[in-house]
Amino acid sequence: MKVASFIVTCLLIPALLHAQDASSQYTANHQRQALDIYRTVIGFRTAEGHGQVPKMASYLEDLFRAGGFAAGDVHVLPLKLESGEETASLVVRYRGSNASGKKPVLFLAHMDVVDAKREDWTRDPFTLVEEKGYFFGRGTLDDKSGVTLLTTTFLRLKAEGFVPARDLIIAFTGDEETGQLTTEALVTTHRALTDAEFALNADAGGGVLDESGKPTSYLMQMSEKTYATFEVRVTNPGGHSSLPRADNAIYQLADVLKRIEGHRFPVQINDATRLYFQNAAQITEGEAGQAMARLAKNAKDTAAADILWRYPEYVGVTRTTCIATMLRGGHAENALPQSATATVNCRVFPGVEVSEVLTTLQGLAQNPAVRVTMLGNPQASAPSPLNEDVMRAVSRGLAKIRPGTPVIPYMAPYATDGSILRRAGIPTYGTIGLFFKASDDFSHGLNERVSVRSFFDALEYWHVVMTDLAGR
Ligand SMILES: [Zn+2]
């Protein structure tokens, strides 16, 4: 008896220690598989320059094949970047009965991440670490959660013998954080594989929790701003620093940057931002909430927009923004600078031409020695229309995990693959299914994390959303 209870105690101690991990209560097959996939994909350093995206794509390809998807329905599509680095996208078709007669639904996520340095992080960024109810690691949120959730849901539905009434397609891109060439190729060269009625993007949107952990709203991304980068460059004959000239490239650049800092682009509103402000006003306290309500009623209320100027999370919803992000100039400590250059990154409100922003910046230069040029070839995309089927599916998914959470369409101040799909004529809705507090959003930053509950809830969310859309 004594011996037996000793053995039981010995067996229990490790079990109890293990039970401290919040994830250990999620024991269903699909939950264990999701965790395994999550851990594996976070282990691939899929940042630009490390060449790991094709390896991750091939790991996922094997999983889909093993899960019952025909070889002809799983495509790894390699692509060589200008740098010579190989990347890839992955497309998987879940064949349906075609009973609905409708075009497929596309599910989108990206395999690449912004790089992370081990020495900057508290924990190894490329090892999934669970601690105090959170999963930590680069990509836990952006966007290996999306990849894991969609992959596991496809495999789970297949294992359940589910037959959709229309085809479902997964498309994982390989360079969302950089050139988005894989995304562009998916809607052009590989369009036959990806053509769809609309797409759900598991790289945007999501639920908002207040700091006590209570859900307040669920944001569905309907449109996004255009990402455009400009270079402001001043050149000067220079000379010896003991013989200063009246004109100096660094001072001139500083003057232009101060004018850019002081410039405010016109306040704008569209359907998505009006709905967003109407809803957000009801759950946002203080002057910010009041300013939102005023703006939703009257887009010309610039005083209200000026209040939101002080809130980084809202300012981008009200207008085009441009901000200096990099600076370089001069070539020796005892020489007058022959050039000074600043990088200015703009997020352009939908409907505004990027060329108009260039003209505005050129106007702020006010000096023929200053040249403003646009980098790359930024392209605008129109907002996606409200879609009843998507709204219903998302609401049903939320009813399962966080009942009563209102769905709020919104415009993202950041850019995703969604803009390329929208431009290619595939309406796209950003809806990752995860919930987080404002204090938990560390995408691109240090110690990126997702709460364990949020991760496993999102698995159930996607199961409902996919079966709902597949049945229509
Ligand atoms: Zn992302």
Side-chain angles (χ1 to χ4, degrees), residues 37-38 41-42 44-50 52-53 56-57 60 79 81 87-90 106-116 125-126 128 135-151 170-187 199-208 218-227 229 313 316 345 347 378 381 384 410-423 426 428-436 438 440-450 454-455 458 461-462:
I37 296 171
Y38 202 31
V41 295
I42 282 170
F44 292 104
R45 188 173 186 173
T46 51
E48 189 182 31
H50 296 276
Q52 296 260 301
V53 173
M56 175 169 158
L60 293 169
L79 188 141
L81 300 173
T87 186
S89 55
L90 177 75
L106 186 67
F107 298 92
L108 187 69
H110 64 89
M111 297 183 281
D112 60 312
V113 292
V114 171
D115 208 4
F126 297 101
L128 183 74
F135 291 122
F136 288 87
R138 169 55 88 230
T140 43
L141 175 58
D142 185 14
D143 181 31
K144 287 178 173 167
S145 53
V147 168
T148 304
L149 294 164
L150 297 180
T151 300
I170 272 182
F172 293 153
T173 60
D175 63 336
E176 192 271 346
E177 300 288 4
T178 48
Q180 298 183 313
L181 298 178
T182 52
T183 327
E184 200 66 58
L186 282 180
V187 293
L200 298 196
N201 184 6
D203 181 38
V208 183
Y218 186 86
L219 300 176
M220 190 163 72
Q221 188 230 43
M222 311 267 292
S223 73
E224 52 194 71
K225 292 172 96 177
T226 312
Y227 179 107
T229 302
E313 64 271 48
N345 182 249
R347 305 303 175 114
S381 67
S384 297
Y410 90 119
M411 175 191 78
Y414 51 83
T416 69
D417 282 334
S419 68
I420 292 176
L421 269 72
R422 289 190 187 103
R423 215 160 53 232
I426 303 175
T428 301
Y429 305 91
T431 171
I432 194 168
L434 294 166
F435 277 75
F436 23 73
D440 284 340
D441 186 0
F442 285 91
S443 41
H444 297 196
L446 291 177
N447 302 316
E448 186 177 345
R449 66 194 185 197
V450 161
S454 174
F455 175 79
Y461 165 86
W462 278 110

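In each ligand, atom 1 is the first atom listed, and ligand 1 is the first ligand listed. This structure is a prediction, so every number in the text was calculated from the model and none was measured.
- In terms of distance to the Zn ion (ligand 1), the nearest N, O or S atom of D142 is named OD1.
- Inter-residue side-chain proximity for T431 and Y461 is flagged as met; some heavy-atom pair is nearer than 4.5 Å.
- Residue contact annotation: D143 places no N/O/S atom under 2.8 Å from the Zn ion (ligand 1).
- With a cut-off of 2.8 Å, the Zn ion (ligand 1) has no N, O or S atom of E177 in range.
- Distances from the Zn ion (ligand 1) to each N, O or S atom of D203 single out OD1 as the nearest.
- The side chain to side chain contact (heavy atoms under 4.5 Å, CB included) with L108 is formed by just one residue from the set L200, T173, I420; it is T173.
- Using the six-membered ring where Trp is involved, Y218 and F435 have ring planes that are tilted, between 30° and 60° apart.
- Atom CD of Q52 has more than 12 heavy atoms from other residues, nucleotides or ligands within 6.0 Å.
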